[in-house]
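In what follows, chains carry the letters A, B, and so on, assigned in the order in which the sequence lines appear, proteins first and then strands, with residues in each chain numbered from 1.
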Amino acid sequence: MAPRFKRVLVANRGEIAIRVMRTCRELGLSTVAVYSEADRSALHVRQADQAYCVGPPPSRESYLSQDAILDAAKKAKADAIHPGYGFLSENASFVRACDAAGIAFIGPPASAMDAMGEKTRARAHMVKANVPVVPGATEPFKTLEEARAFAEKVGFPVMLKAAGGGGGKGMRRIEKMADFESGWRAAKSEAMSSFGNDAVYLEKYLDQPHHVEIQVFADGQGNCIHLNERECSAQRRHQKVIEETPSPILNPTLRAQMGDVAVRAAKSVGYIGAGTVEFLVDSTRSFYFLEMNTRLQVEHPVTEWVTGLDLVRWQLDVAQGARLPFLEPLHPRGHSIEARVYAEDPGQNFMPSPGRIDYLRIPGGPYVRDDSGVYAGYEVPRFYDPMISKLSVWAPTRPEAIARLDRALSEYVVKGITTNLRYLRRILQHPDFVKGDYDTGFLPRAHDQLLGGDDAKLTEVAVLAAAVYAQQRAEKAATKISAATATGTQGSMWRHGRQR
Amino acid sequence: MAPRFKRVLVANRGEIAIRVMRTCRELGLSTVAVYSEADRSALHVRQADQAYCVGPPPSRESYLSQDAILDAAKKAKADAIHPGYGFLSENASFVRACDAAGIAFIGPPASAMDAMGEKTRARAHMVKANVPVVPGATEPFKTLEEARAFAEKVGFPVMLKAAGGGGGKGMRRIEKMADFESGWRAAKSEAMSSFGNDAVYLEKYLDQPHHVEIQVFADGQGNCIHLNERECSAQRRHQKVIEETPSPILNPTLRAQMGDVAVRAAKSVGYIGAGTVEFLVDSTRSFYFLEMNTRLQVEHPVTEWVTGLDLVRWQLDVAQGARLPFLEPLHPRGHSIEARVYAEDPGQNFMPSPGRIDYLRIPGGPYVRDDSGVYAGYEVPRFYDPMISKLSVWAPTRPEAIARLDRALSEYVVKGITTNLRYLRRILQHPDFVKGDYDTGFLPRAHDQLLGGDDAKLTEVAVLAAAVYAQQRAEKAATKISAATATGTQGSMWRHGRQR
Amino acid sequence: MRTTRYYAKTKRGQEPETVDVSPLGGQRYAVTYLGAKHELESLVLPHGAVSLIIDGESYAVEFEEVGDEVRVLVKGQVTKVDVADERKMRMRAAGGSFTVEGKQTIAAPMPGKVVKVFVKVGDTVTEGQGIVVVEAMKMENELKSPKAGKVVEVAAVEGTAVENGAKLVVVE
Amino acid sequence: MRTTRYYAKTKRGQEPETVDVSPLGGQRYAVTYLGAKHELESLVLPHGAVSLIIDGESYAVEFEEVGDEVRVLVKGQVTKVDVADERKMRMRAAGGSFTVEGKQTIAAPMPGKVVKVFVKVGDTVTEGQGIVVVEAMKMENELKSPKAGKVVEVAAVEGTAVENGAKLVVVE
């Protein structure tokens with residue numbers, strides 16, 4: 001197989017667009033960025049060799065606009081489109097449009113996406129392939145009433161889910177019938193704005209399961225392997241916050257079983273490329289198919305750390321007809337953990353905090369990897385996902401990896417917007433996390449512990465620092481004023497604007 | 001062996017101080033920084049738990065002041081001192097002073113340092129231990145005349161070297177007798193200011209040898225192993241610029257031979273801790289002992305990348321009495337390359353360019369490691385080494401590692417001072433480097449190629465950018481002026497100060 | 001060495017504590033706070049950063065201003081500190097600001113889009129009741145009433161974009 | 001759309017080339033240079049960075065000023081560009097600057113310490129001859145004469161510190 005791509009359009013933004021472009025650049029491929037009007041100043045535009053505007057800020061009118069993106073690909077003479085994750089990455093009609101335009105879509109064939117893309121259809125497929133699934137509906141509901149009736153039958157709590165989506169968007173856990181209507185409305189609305197599809201179904205809510213997923217990879221010659229698991233149970237608002245591999249709850253037998261099932265699931269739909277089979281694992285260590293993400297996963301770096309692979313390169317190779325380079329199981333080496341840095345305020349129910357990043361210092365040193373999509377001076381727009389960076393580490397053992405990630409997070413400085421940096425460190429320091437015994441209920445359960453309890457010594461340091469800072473500004477202002485007018489006064493220090 | 005250190009003073013500055021503190025933090029050890037008056041704003045001061053000033057800017061009065069550093073260690077109640085590299089790291093009298101003060105020195109015993117520290121004494125030891133050495137003097141010269149006579153005997157070219165130093169400081173290659181006196185003067189003066197010792201000796205200058213070094217590690221129980229080699233032949237002004245492992249010129253047999261000799265050399269002096277045995281390898285692949293660096297090496301990250309180890313942690317463990325965790329040879333995994341980012345102008349004979357870093361953007365992504373000692377807004381002082389950062393990468397193969405490092409360097413932005421970033425990329429792209437066929441003469445030989453030849457397209461882009469930038473500033477100035485006084489003019493755009 | 005007295009508090013409603021600051025020359029200060037005296041060296045760096053050495057202990061401090069308060073970041077902890085000098089304290093006493101009970105404004109905590117308004121003028125609300133839903137960054141965020149009371153003003157309109165800090169609803 | 005003419009050169013001594021810039025609205029411009037017309041979109045970002053899109057090609061450009069010139073960093077290449085508008089060109093023509101042959105000043109290229117001065121007033125020097133050694137960052141750097149001539153002034157004193165740009169020796 002000879003490489004045939006020369007130019008790759010990345011139909012995405014933020015860190016994942018940059019991640020994909022990095023591998024392209026290393027392979028000597030030219031890169032094409034697309035951007036919405038809100039993203040003209042984004043880093044991915046500056047790092048690409050070409051850049052085309054694809055529409056106004058709302059994703060539906062830009063990053064989800066198939067025509068605009070295909071137009072850009074044609075103008076740029078791109079051979080291939082990498083969709084990243086989210087946006088059009090799991091949209092089978094876009095895959096067909098690429099096929100029709102003669103542009104390679106870097107991902108599975110439309111048929112595999114059809115089979116897995118709609119959550120409900122995927123569940124039906126899996127049942128047929130003898131893969132265990134979570135009890136629940138096999139198709140989206142047409143009406144609220146229908147959904148209510150089904151929920152009643154399955155029994156609360158239930159989980160409302162976007163049929164066309166993933167990544168925790170358009171999901172709502174509903175405790176009781178009284179909350180059903182508002183959850184239904186919110187889930188549908190988020191599903192629409194995230195995936196352009198408001199179809200919603202529901203599943204029985206398993207009691208505090210673990211979320212464990214298996215990375216699979218298939219080539220076009222019928223080969224499919226798995227690259228071990230990722231533990232993704234640390235979730236807030238149904239979105240992953242910290243991921244790690246190996247999972248602290250898997251043993252080699254369970255890993256092999258889940259890996260086999262994941263490969264079977266992928267093969268049953270004729271899968272090609274990188275995919276992730278997500279499972280829920282309950283307290284008895286039974287596991288259930290949850291969904292298959294038919295694209296690169298946000299948390300793929302932890303798999304890269306313990307395997308030494310470049311998964312984006314594998315995606316590009318497979319899309320150009322290459323066979324998988326090996327078919328034996330790969331034993332993970334050491335341990336890796338990733339933390340997602342969000343522009344949000346954990347103390348305000350994870351309220352997003354878009355705005356300008358005034359200053360940025362990113363951690364470094366041994367076995368620390370930063371995947372960020374921002375820069376100092378960048379204005380984080382309010383239209384898209386609030387994740388600004390992924391910080392991941394590797395170490396020989398899990399305790400060392402925790403210590404390393406905590407150390408790295410301690411070096412991270414983001415000013416101008418609120419982030420979850422401290423919250424992330426609190427998670428790493430929490431006894432349940434340290435023990436490796438945490439399920440999807442962990443973060444909500446531990447919420448107050450993770451937020452509370454300022455250190456009295458640090459509060460004292462803050463007061464001392466603030467008082468001296470006020471004094472220094474007063475001295476500086478007095479010097480300036482006396483130099484200019486020979487009359488010095490001092491007042492509110494904080495209103496003079498920042499001292500630079 | 002139970003860990004007994006609680007608090008470690010790092011008797012260094014810049015990236016290596018930060019590197020050591022990172023591991024200390026991961027191990028839960030408290031850290032103490034020392035700083036000269038020129039370094040009050042340095043990053044290592046801000047990252048430490050405690051910080052003490054040890055004197056005025058010149059290193060001789062601060063970082064080389066044994067009393068000031070021991071005073072700080074006592075005030076801070078430090079159990080141990082990590083010397084980093086350079087400064088006091090190879091000073092046996094400082095080791096004895098630490099011993100006398102009851103503070104652990106993290107490094108070899110004074111006796112091993114005595115044996116290896118003076119270059120000439122080391123050579124004598126090695127001859128006794130049957131280790132091949134480069135032909136030359138076995139002790140420093142008392143007078144210029146004596147040195148001249150010896151040079152005449154050995155034959156030009158010769159290499160003048162500081163007996164008490166390393167790292168390329170205090171070295172001068174002399175082509176002919178007419179240049180001898182000025183080289184002698186320069187070498188002595190640099191030796192004095194770098195090592196507080198102006199003793200100088202000389203060796204036959206080998207014709208374009210490779211500089212290959214072996215990392216060794218010994219514990220206090222008589223065990224010593226090697227951790228493979230590093231190729232360090234890419235040197236400018238006798239200082240390493242790019243290092244890699246494995247060396248492209250070693251085969252397994254030669255690696256094993258050199259490893260054995262390095263271990264023998266270390267054992268012959270009762271070595272303990274991390275050390276590096278440097279060899280010159282000539283065109284027939286004969287190798288000669290050059291010197292042993294009795295401390296952590298600048299380029300240790302490449303060894304860490306291919307072994308998965310944390311060498312600073314090993315240093316701390318061994319200093320607390322631990323045995324080496326394994327004694328079998330460790331096979332390197334993949335390939336790693338490091339580039340040293342210097343604040344210097346390669347076009348002006350590598351003239352240092354201290355000054356304020358106005359903006360800094362550090363590369364990231366898969367398998368990229370940054371070890372920097374600076375931050376945006378930092379004023380690089382003129383008193384110390386101009387290295388501001390080490391950027392290293394890992395990849396499965398050498399060509400992939402080169403592509404990755406080139407990609408990472410392409411993302412690096414440092415504004416306000418001149419750096420060698422472009423020069424580094426040119427090295428990586430040079431055919432001799434790509435082939436893996438480069439000796440210590442490579443960079444001087446290729447100097448013009450590495451500097452010259454602006455790309456016409458990029459020059460055109462620069463002109464277009466500058467003209468439009470001027471226009472935009474004129475528009476902005478006109479708007480401001482007309483808003484204020486209703487009379488707009490425009491003149492020199494570049495003198496209005498930066499647009500922020 | 002003239003000593004300047006500052007008043008600092010870290011929680012709303014708290015009585016401020018005094019902080020006495022005496023310059024010792026250069027960037028060094030003697031500071032008395034909560035009955036203890038400390039020697040501080042405070043180096044102001046670009047971008048609102050300060051390198052602080054308190055009795056030998058080193059702290060990397062970052063400052064951000066939010067209205068009258070300053071947010072101080074030390075070792076991952078963000079503390080909101082309100083510092084005033086004597087003159088400012090007198091002005092506050094005279095102006096009677098910081099008596100904020102009574103009317104409460106629910107403002108947009110970020111730029112976004114109002115997707116739902118649950119109340120109208122005259123409604124009685126309980127503390128913690130959902131009032132408005134604002135969407136930003138693909139997440140819907142419900143804003144709750146900070147107190148029990150009555151809705152006296154509704155500025156939020158469903159479907160419209162709002163800026164950070166925009167008044168949405170006032171509860172009295 | 002008023003077109004403004006600029007004069008740009010990238011090498012000393014070179015005749016400047018014309019660059020005609022016509023605003024197209026927003027941050028877009030039509031630019032004619034070396035006989036070709038391009039459409040540029042130039043977004044000015046903080047810290048002297050510009051995101052430039054030229055006929056669909058994207059360039060991350062960084063600007064730094066050095067006296068009259070601007071240093072432009074594009075894809076790792078630093079190009080010194082001297083851009084003047086018509087008014088500045090007229091001033092230059094009148095002032096007769098940029099005729100720098102004759103006296104040549106050897107200035108400190110960085111802050112450092114003068115460790116050696118090899119010449120005195122009246123000495124004859126050849127082009128490339130070592131004149132002064134300045135030490136900075138542990139390296140000794142020999143500054144050479146840019147031309148053959150005679151030393152007319154020696155400001156450098158061995159052992160003293162010098163600032164960036166300080167006059168050391170003048171050769172005529």
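Proximity to chain B is limited to the side chain of D:Thr10, based on heavy atoms less than 4.5 angstrom apart. For a residue to count as touching a neighbouring chain, one of its non-hydrogen atoms must lie under 4.5 Å from one of that chain's; by this rule B:Gln348 does not touch chain D. For chain D, no part of B:Ser410 is nearby; none of its heavy atoms comes within less than 4.5 Å. The parts of B:Leu464 that come within reach of chain D are both its backbone and its side chain, each placing non-hydrogen atoms under 4.5 angstrom from that chain. The part of B:Arg185 that comes within reach of chain D is its side chain, from C-beta onward, which places non-hydrogen atoms under 4.5 angstrom from that chain. The part of B:Ile417 that comes within reach of chain D is its backbone (N, CA, C, O), which places non-hydrogen atoms under 4.5 angstrom from that chain. Heavy-atom distances place no part of D:Glu142 under 4.5 Å from chain B, backbone and side chain included.
Using a 4.0 Å cut-off between a side-chain N of Lys or Arg and a carboxylate O of Asp or Glu, D:Glu153 and D:Lys120 do not qualify as a salt bridge.
Your options are B:Thr459, B:Asn349, B:Asp454, B:Asp345, and the one with the most heavy-atom pairs under 4.5 Å with chain D is B:Asp454. Highest contact tally toward chain B, considering only D:Leu40, D:Val134, D:Val50, is held by D:Leu40 [criterion: heavy-atom pairs under 4.5 Å]. Heavy-atom pairs under 4.5 Å with chain B peak, among D:Asp20, D:Val61, D:Thr79, at D:Thr79.
With sequence neighbours excluded, the residues satisfying salt bridge (charged side-chain N to carboxylate O under 4.0 Å, His left out) with B:Glu175 are B:Arg173. For D:Val78, the side-chain contact (heavy atoms from CB on, under 4.5 Å) partners two or more places apart in sequence, or in a different chain, are D:Arg71, D:Leu73.
By the 6.0 Å and 45° rule, B:Arg473 stacks over the aromatic ring of B:Tyr469. Cation-pi geometry between B:Arg236 and B:Phe350 is satisfied (NZ or CZ under 6.0 Å from the ring centre, within 45° of the ring normal).
A donor-acceptor pair shorter than 3.5 Å cannot be found between the side chains of B:Tyr342 and B:Ser389.
Ring geometry for B:Phe180 versus B:Trp184: interplanar angle under 30°, hence parallel rather than tilted (30 to 60°).
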